[in-house]
Amino acid sequence: MGKKIILALGGNALGESLAEQMAAVQTSSNAIADLIEQGHEIVITHGNGPQVGMIEVAFEAASKTSVHSPILPMSVCVALSQGYIGYDLQNALREVLLSRGIDKPVATLITQVVVDANDPAFADPSKPIGSFFTKEEADAMIAKGAHMKEDAGRGYRQVVASPKPIDVVEKETVLALLQAGQIAITVGGGGIPVIRQGNHLKGASAVVDKDFASAKLGELIDADLLIILTAVEKVAINFGKPNQQWLDRLSVDQARDYAAQGHFAKGSMLPKVEAALSFAASRPGRQALITKLTTAKDGIEGKTGTVIG
Ligand code: ADP
Ligand code: MG
């Protein structure tokens, strides 16, 4: 039986540079095509950390030398990143599907996610974007007004506000494409964050976590399974310690307990586990799977990965 699946691609499914992304989308598309061939209905979502960082830095740099170059609002940077990533991904997937004799249209939706203007996240920027910097580089950027934080022992990154997604503006379109047997690439980079002002949608200076946005979209279109693809095959407790233990299956309550005990790093694994458990808890029968791109197929069959719910 085919499942209705939200497939959330992590950073390593897309790479960190133009050349890496070109290569990564090929590998990712082959893995996605495997799932489509198995009869699953797939909606693709993805992160945009390196790409939105690249876009933001490029426009900031250009604004220093050209009066015609604006500093772009974060919402516009996210919109550009959706277009750029979607362009590479939809073409790579289209090609792989055609080469397997599957005639399924693939399209990228510029997708907006509604956030609350009063979300406390706006007062505490915490979402890492862009590349890693040394302590000295980070101090120089802080002096210019950027918010910088140390990211899980890997160096310093710029951080922006990360409010919770409330609604996906284009959800009916995603559903219409799904019902027509088409593949949508949507809520890229967590979606363009917008605040409702009557009929007007105002872009917000924020980046919505792509795992939370994917979980929210999954609820809205009534998906069965949320798959969060990342750099590890399974989630661990005591991660990186001598008593590290990989987890096969977790109830929502167990996942909540482990999260509260601090087993999952903030800014990397914690939002994935939180998104997974909120999706799994949203309706009986819903599950989330956290694993790697290359083990997604086995994960759906219950052979590997960490299943929550
Ligand atoms: P993505 O680009 O897919 O969002 P991240 O690097 O943000 O990936 O998050 C995945 C990373 O989280 C893993 O590669 C791993 O290094 C780290 N991590 C932190 N805590 C854990 C944990 N408890 N179990 C597994 N991985 C963890
Ligand atoms: Mg991440």
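Quantities reported herein were computed from a predicted structural model and do not represent experimental measurements. Counting starts at 1 for both ligands and their atoms, following the listed order.
Looking only at distances, no side-chain donor or acceptor of Ser75 sits under 3.5 Å from a matching main-chain atom of Gly203. When atom types are taken as modelled, the side chain of Ser17 and the backbone of Glu20 share a donor-acceptor pair closer than 3.5 angstrom. Listed for the Asp224 side chain is no donor-acceptor partner under 3.5 Å among the backbone atoms of Lys3.
Looking at Ala236, Pro271, Ala8, Ser268 and measuring to atom 24 (N) of ligand 1, the nearest heavy atom belongs to Ala236.
No more than 12 heavy atoms of other residues, nucleotides or ligands sit less than 6.0 Å from atom CG of Asp103.
Geometrically, ligand 1 and His263 share a nitrogen or oxygen pair separated by less than 3.5 Å. Of the polar atoms of Lys272, at least one N or O is found under 3.5 Å from an N or O of ligand 1, judged by distance alone.
Close approach to Ala231 involves these atoms of ligand 1, each under 4.0 Å from a residue heavy atom: 14 (O). Listed by number with element, the atoms of ligand 1 under 4.0 Å from a non-hydrogen atom of Thr230 are 1 (P), 3 (O), 8 (O), 9 (O), 10 (C). The distance from ligand 1 to the heavy atoms of Gly11 drops below 4.0 Å at these ligand atoms: 1 (P), 2 (O), 3 (O).
In Arg154, the part holding a heavy atom less than 4.0 Å from any atom of ligand 1 is the side chain.
Side-chain N/O atoms of Ser126 and Ser162 include no donor and acceptor closer than 3.5 Å.
In summary, of the residues considered (Lys171, Arg286, Lys4), a salt bridge (charged side-chain N to carboxylate O under 4.0 Å, His left out) with Asp222 occurs for Arg286 alone.
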